[in-house]
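Let me begin by presenting the structure, written as structure tokens, before commenting on it.
We're numbering straight along the sequence, starting at 1.
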Amino acid sequence: MKRILTRISAMILCVTLMCSALPIRAAAGYAISGTCRLQTDSGAVYAVKTLDYGYDNNTYLSLRDIAIALTNTEKAFSLDITNNTVSLNLGADYVPVGTENAPWGEEELPDSSLRRNECKVNGETVFYYTLIMLLPEGYYDCFMMAADLAMILDVNLTFPAEDTLQIFTQESFEISPVFLEQTGYFCGVNSVLAGDATTGEIYYQYQSDVSYPIASTSKLMTCLLAMDAISAGHIAPTDLVTVSEAAQALADSADGVIALEAGKQITVQELLFGALLPSSNECALCLAESVSGSEEAFVRKMNEKALELGLSQAVFYNSHGLPSYTQDPIPAKRQNRMSAEDMFRLASHLLRVYPQITEITSQKKAVIESLNLEIKNTNPLLHNLPAVTGLKTGTTNKAGACLVTSLTADDGTMEHDLVVVVLGAEDSVERGRVAGLLAQYALQTFYTGAEDSEAGQTPQNLPTHGEAAVDWILKTAEKRQKER
């Protein structure tokens, strides 16, 4: 017993020492200051302060240093930075604070955290993660990722050598997923896919045929079945649904999003808004119960619909995408799964059959009248790209951060729905960045053509309208399933 107590005491002491040391280690590695050499296409050379957030080469650039370097160019912009806000005005003159392009001082670097600070471009709110800090000189500076800045300014940025940045103000921002894959960029996600849902053409894919957990993007299937029920006349958008005890229990749990109370009533349309915008798990459960009477019966419908659509890698355990535990003595922790290809097919079908879904998913916020509650959309790209119309985010520990994005593009004859699928990003920061880059690539490819033809599949004899496109997708899926 004495030996056991001695070991326990040693362990407690060890943990105590480790915990006391953690803040010091975190502060020391929080942001690594540095400088890179910036050259513009005018030939001028500048020094730009950088912060590597937590890791080497996870580099954020000083906006003030970039702003002074781009003064008197077509990509000039002004800046207004406070302790938690940054405002850029494109085409406006930047007013220097006097210490731009100067190296870091010897003073201790102030603490700063990566966060979604309030950010506006030409008065419009955008969602990017930035570092804002008060520098020893007495002014605030904002540090932003090169890719995010390139998208905002629509300029071509390259790193031709270590600690060297080039900005080509006369060239538009372009994405090459093949190059990103070669550099290992997609190692940080499970799978991605970008394509034209109207024609079925896939622009780029990475590990898109492998099944992964999909978290709350499962709600796309839930809403599809609810819309099927509305279309068949089984329920109506104005129907009142009585909140069950199970739905209230989910609302009261750690995964609750909207406070639903058992016995209260909410309309089907409001449940759709709640499931799609703030990703309410309890709203998804209420939809399942209103369509099928129970979630168990609804899940059977989900899996039957998946087979009908040719989603060969899809399996559903619940209506919302949270982990599902079995009742065994040693419970299994299961999660809804699907491949990126399957998700592309599901989104394509949903957009074709019920295009009105984007009337919901394109809204940045809405009000649930029954609850007198304002809800907000969790999709960050709605703020960053005007073409974005939806569709759904999702996050669990196992699934990582997922995002299914829909965009509209017009070829002069008809509108197309483009779809980008990102499964298993490390966090919401990377999810938004990867999805944003691929969304830009999808638009770029649609309007200018794909330079990376070897990156994805470009099927021959593609259908020219939405209904035929989805039929083609389903036939292809059935063929693949038979081949397996």
- Residues Glu341 and Arg345 bridged, charged N to O under 4.0 Å: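 Between Arg345 and Glu341 there is a salt bridge, with a charged N closer than 4.0 Å to a carboxylate O.
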
- Item | Salt-bridge criterion met for Arg433 and Asp148 (N-O under 4.0 Å) |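 Yes, this pair counts.
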
- Query: Can any side-chain N or O of Asn156 pair as donor or acceptor with the backbone N or O of Glu171 at less than 3.5 Å?
  - Reply: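 A pair under 3.5 Å: no.
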
- Please answer whether the main-chain N or O of Ile202 pairs with a side-chain N or O of Gln205 as donor and acceptor at a distance below 3.5 Å.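 No; judged by distance alone, with no hydrogens or angles, the pair does not exist.
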
- Message: Angle between ring planes, Tyr203 versus Tyr441, binned at 30° and 60°: parallel, tilted or perpendicular?
- Response: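 Because their plane-to-plane angle is over 60°, the rings of Tyr203 and Tyr441 count as perpendicular.
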
Is the count of non-hydrogen atoms from other residues, nucleotides or ligands lying under 6.0 Å from [X] atom [atom1] greater than 12?
X      : atom1 : result
Glu426 : CD    : no
Glu374 : CD    : yes
Gln356 : CD    : yes

State whether a side-chain donor-acceptor pair under 3.5 Å links [X] with [Y].
X      : Y      : answer
Thr222 : Lys219 : no
Asn318 : Asn336 : yes
Asn379 : Lys364 : no
Tyr46  : Gln39  : no
Thr378 : Thr393 : yes
His416 : Asp411 : yes

- Item | Ring centroid separation Tyr204 to Phe186 under 6.0 Å |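 That pair passes the under 6.0 Å test.
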
- Message: When you measure from the centre of the six-membered ring of Phe127, is the NZ or CZ of Arg116 closer than 6.0 Å and no more than 45° off the axis?
- Response: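 Satisfied, under 6.0 Å and within 45°.
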
